[in-house]
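What follows is a single structure, written as structure tokens, with notes after it.
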Amino acid sequence: MYTNAPVYINTFIGPPSLPNPHVFICGTSGGGKSVALKTLTARNIVTSDCGAFFIDVEGEYTDLTRMLGGRVIKIKQGESTGINPFELEPDTKGGKQFLNILDKVAEIRALLATICRNYQGRTLNGTENTEIEIIVNQLYAEKRNYK
């Protein structure tokens, strides 16, 4: 409205569709970026099984997050946040809960690969990747029968 610039919104339904649900919004101050993002987020969370994550330095999305049943995690230097990358939480699809252990194994393998790359300056080799997969699968084996 203020800039008279066109806006194209593709909600990943029908052609042309994008390969993933990532969003990048840019514009001038007061141009409606936050309103657009909040509207898209609320609509997608209410109408589909998708989720959203925000790094919200100014706390602008706190009310929306709580209204939609989400969690606000405050991260402060030197304080515990309660974020546990190894925690296995159930996903919901079609109204049923399930544990996606294969995705969790991939997440943990990627986390350990990042740690190795950033702190040791090397990538994990094939044997290390395989060992990580075997060990993590064994650790989560008891969770496979989650109802």
Side-chain angles (χ1 to χ4, degrees), residues 1-124 128-129 132-133 135-137 139-147:
M1 182 170 138
Y2 297 107
T3 63
N4 294 321
V7 174
Y8 174 72
I9 298 176
N10 180 343
T11 58
F12 312 102
I13 300 173
S17 64
L18 300 174
N20 59 51
H22 297 101
V23 175
F24 174 74
I25 297 177
C26 63
T28 60
S29 188
K33 301 176 300 293
S34 294
V35 172
L37 185 57
K38 288 176 183 177
T39 302
L40 286 171
T41 301
R43 178 176 172 244
N44 284 326
I45 288 174
V46 170
T47 62
S48 68
D49 284 335
C50 77
F53 299 91
F54 295 98
I55 298 174
D56 184 14
V57 177
E58 297 174 0
E60 185 177 352
Y61 294 87
T62 299
D63 290 341
L64 177 67
T65 300
R66 290 188 175 130
M67 182 182 74
L68 294 171
R71 262 189 317 186
V72 175
I73 301 171
K74 296 192 183 236
I75 300 174
K76 294 182 181 177
Q77 185 175 359
E79 291 184 17
S80 176
T81 60
I83 297 173
N84 180 357
F86 299 101
E87 184 176 358
L88 187 59
E89 294 184 7
D91 287 332
T92 304
K93 189 171 189 176
K96 293 186 176 185
Q97 286 191 329
F98 69 99
L99 293 175
N100 193 339
I101 293 175
L102 292 177
D103 280 358
K104 182 51 80 173
V105 169
E107 287 175 20
I108 292 172
R109 190 174 53 238
L111 173 66
L112 295 175
T114 300
I115 291 169
C116 185
R117 185 175 54 253
N118 289 335
Y119 292 100
Q120 293 184 343
R122 67 177 187 87
T123 59
L124 294 173
E128 291 167 329
N129 276 317
I132 290 169
E133 188 165 328
I135 291 167
V136 174
N137 266 306
L139 290 173
Y140 291 126
E142 64 195 45
K143 303 286 186 181
R144 290 191 193 279
N145 295 325
Y146 179 80
K147 302 264 186 215

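Just so you know, these numbers use all the heavy atoms, side chains as well, and skip hydrogens, waters and symmetry mates. Note that the coordinates shown come from a computational prediction; the quantities given were computed from them, not determined experimentally.
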*How many angstroms lie between OH in Tyr61 and CG in Leu68, if you round to the nearest 0.5 Å?*
12.5 Å

*Taking atom OG1 of Thr41 and atom CG of Leu37, what is their separation to the nearest 0.5 Å?*
4.0 Å

*Determine the minimum heavy-atom distance between Asp56 and Thr62, stating which atoms define it.*
OD2-N, 3.8 Å

_side chain to side chain contact (heavy atoms under 4.5 Å, CB included) between Leu64 and Met67, intermediate numbers included_ = CA-CA 5 Å; Leu64 177 67; Met67 182 182 74; 3.5 Å; yes

*asked:* So for atom CD, which belongs to Glu87, do other residues, nucleotides or ligands contribute more than 12 heavy atoms lying within a distance under 6.0 Å?
replied: yes

*How would you list all residue pairs meeting salt bridge (charged side-chain N to carboxylate O under 4.0 Å, His left out) that involve residues 110-119, not counting sequence neighbours?*
none

_Result of checking Val136, Ile135, Asn100, Leu139 against Val105 for side chain to side chain contact (heavy atoms under 4.5 Å, CB included)_ = Val136

*If you look only at pairs with a residue in residues 63-72, which of them pass as a side-chain hydrogen bond (donor to acceptor under 3.5 Å, both in side chains), with sequence neighbours excluded?*
none

_Contact summary for Lys33 and Gly27, nearest pair of heavy atoms_ = CD-N, 3.3 Å

*Taking all heavy atoms of Tyr140 and all of Leu88, pick out the closest pair and write down the distance.*
CD2-CD2, 3.7 Å

*Roughly how far apart are Ile73 CD1 and Ile55 CD1, rounded to 0.5 Å?*
11.5 Å

*Output the distance between atom CG (Leu112) and atom CG (Leu124), rounded to the nearest 0.5 Å.*
7.0 Å

*asked:* Enumerate the salt bridge (charged side-chain N to carboxylate O under 4.0 Å, His left out) contacts for residues 98-114, please, sequence neighbours excluded, ordered by first and then second residue.
replied: Lys104-Glu107, Arg109-Glu133

